[in-house]
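Residues: numbered from 1 along the sequence shown.
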Amino acid sequence: MTTETATDVFEAHRPVLLGVAYRMLGRVADAEDVVQEAWLRWSGSDRDDVREPRGYLVRITTRLAIDRLRQIKARGETYVGPWLPEPYVTDFGDTVPDTAERAVLADSVSLALLVVLESLSPLERAVFVLREAFGFPYADIAAMLDRGEPAVRQLAGRARKHVEERRPRYEVDPAQRRDLTERFLAAAADGDLEGLMELLAPDVRLVGDSGGKARAPLRVLETADKVGRFLIGAARKSAPGLSLRFLELNGGPALLFLSGGKPDSVFQLDVADGRVQTVYIVRNPDKLRSLAAVQTAPQGHRPTLA
């Protein structure tokens, strides 16, 4: 395999590798670092005996992501306020034409799921991502992780049970979520508390991630009354000159607010039974940097996540 061919092969698999790394880490910069390290190992390795590049590259990426995740957990960093994954563009476009496959990919990268995955061990998270998001056979996952297949099946079962017990229920229909997002935005902008309350589930939750670096609730808000009043108050106090873009982030429609042309905050809703179940707000500026280029990128030239 020539150097040029090796580069082409790696670039063809880059979206999958980035998808694995991001689902493992929930952080764009860390995921990109892991993929870059995978490239260095791929480019410097003896590739003559590699018969299945995709599996080989996913194996390297997964192991690097596990190491990075262990380092993060070992540091035991204290995060100020609720933690949310870094928002990431998932504009699948024509790359995933099958509706069922799109739904699986969207669900596997949702904010709700990634929050739950944070509580898994690195190995459990790796097995869950490889099996549930990418459909790798247990035997292949066992080879990637140097574990026996029975052990991998046990890890998968434990991870799946943990996720099912903790993941909130919501709809992945993008048309319904987009419609409700637009109505939600209009009610909040108009100061229409009654109209907003009609859109919120009685037990709705608002999760704000600021990392202590911007204004956002330091605790999860619960109940329609508290969430509705907070949103109306926040809309009234919003800085003048904010602009807005709709994006597909983490598998669903989201609102990107810009201040002076720079990302200020991201809003995304989880929806079920025609009501908003969870409001996610990301205001930590460190988690919005990757969206600075995205908000000006033309269609078809945005980074995508498989």
Side-chain angles (χ1 to χ4, degrees), residues 15 18-19 21-23 25-33 35-36 77 79-93 106 109-115 118 174 177-178 180-182 184-189 206-218 220-221 227 230-270 276 278-305:
L18 191 55
Y22 175 74
R23 287 170 175 84
L25 299 165
R27 302 162 178 84
V28 175
D30 285 343
E32 290 175 341
D33 286 348
V35 172
Q36 180 61 23
E77 298 171 352
Y79 196 80
V80 179
W83 179 91
L84 288 173
E86 185 174 345
Y88 201 91
V89 176
T90 50
D91 187 357
F92 299 122
V109 78
S110 69
L111 295 181
L113 177 60
L114 291 177
V115 168
E118 274 291 298
R177 289 180 71 185
R178 172 71 183 239
L180 203 56
T181 299
E182 291 177 344
F184 169 91
L185 175 64
L206 184 146
V207 185
D209 181 334
S210 69
K213 300 179 180 182
R215 294 187 65 179
L218 294 178
V220 176
L221 301 183
V227 171
F230 170 81
L231 291 168
I232 294 295
R236 289 172 178 164
K237 296 175 184 176
S238 61
L242 281 179
S243 58
L244 170 68
R245 277 200 63 178
F246 271 93
L247 292 176
E248 181 177 301
L249 300 175
N250 294 82
L255 302 169
L256 170 62
F257 288 90
L258 306 162
S259 177
K262 297 180 180 180
D264 175 84
S265 54
V266 163
F267 279 63
Q268 191 169 54
L269 311 179
D270 276 351
V276 177
T278 309
V279 180
Y280 297 106
I281 305 175
V282 180
R283 297 212 66 215
N284 186 337
D286 296 340
K287 296 186 177 183
L288 301 175
R289 288 174 183 163
S290 63
L291 298 179
V294 172
Q295 60 96 8
T296 57
Q299 294 287 341
H301 295 277
R302 297 173 181 167
T304 57
L305 184 67

Got a list of side-chain donor-acceptor pairs under 3.5 Å for residues 279-288, not counting sequence neighbours?
{"from": "Y280", "atom 1": "OH", "to": "D270", "atom 2": "OD2", "distance (Å)": "3.0"}
{"from": "R283", "atom 1": "NH1", "to": "R215", "atom 2": "O", "distance (Å)": "2.9"}
{"from": "R283", "atom 1": "NH2", "to": "D264", "atom 2": "OD1", "distance (Å)": "2.9"}
{"from": "R283", "atom 1": "NH2", "to": "D264", "atom 2": "OD2", "distance (Å)": "3.3"}
{"from": "N284", "atom 1": "OD1", "to": "D286", "atom 2": "N", "distance (Å)": "3.0"}
{"from": "N284", "atom 1": "ND2", "to": "Y79", "atom 2": "OH", "distance (Å)": "2.9"}
{"from": "D286", "atom 1": "OD1", "to": "R289", "atom 2": "NH2", "distance (Å)": "3.0"}
{"from": "D286", "atom 1": "OD2", "to": "K213", "atom 2": "NZ", "distance (Å)": "2.3"}
{"from": "K287", "atom 1": "NZ", "to": "Y79", "atom 2": "OH", "distance (Å)": "3.4"}
{"from": "K287", "atom 1": "NZ", "to": "L84", "atom 2": "O", "distance (Å)": "2.3"}
{"from": "K287", "atom 1": "NZ", "to": "D209", "atom 2": "OD2", "distance (Å)": "2.6"}

Is the positively charged end of R178 above the ring of F246, judged by distance under 6.0 angstrom from the centroid and angle within 45° of the axis? yes
Could you check whether any side-chain heavy atom of [X] comes within less than 4.5 Å of a side-chain heavy atom of [Y], counting everything from C-beta outward?
X	Y	result
P217	F230	yes
S290	E86	yes
L249	V89	yes
L269	R177	no
L291	Y88	no

For the pair N250 and Q268, evaluate side chain to side chain contact (heavy atoms under 4.5 Å, CB included) and give the outcome as yes or no after the intermediate values. CA-CA 9 Å; N250 294 82; Q268 191 169 54; 4.2 Å; yes
Could you walk me through whether L255 and L244 pass side chain to side chain contact (heavy atoms under 4.5 Å, CB included), step by step? CA-CA 7 Å; L255 302 169; L244 170 68; 3.7 Å; yes
With sequence neighbours left out, what residues match A187 under side-chain contact (heavy atoms from CB on, under 4.5 Å)? D192, L196
Can you give me the closest heavy-atom contact between [X] and [Y], atom names plus distance?
X	Y	result
L221	V227	O-CG2, 3.9 Å
G251	V109	N-CG1, 3.9 Å
L25	A31	CD1-N, 3.9 Å
P87	V28	O-CG2, 4.1 Å

Which distance, rounded to the nearest 0.5 Å, do you find between the CG of L18 and the CD of Q36? 11.5 Å
Say whether, by atom type as modelled, one donor and one acceptor occur between the side chain of R236 and the main chain of A234 under 3.5 angstrom. no
Kindly determine whether L231 and L206 satisfy side chain to side chain contact (heavy atoms under 4.5 Å, CB included), including the steps that lead there. CA-CA 9 Å; L231 291 168; L206 184 146; 3.8 Å; yes
Parallel, tilted or perpendicular: rings of F267 and F184 (30°, 60°): tilted
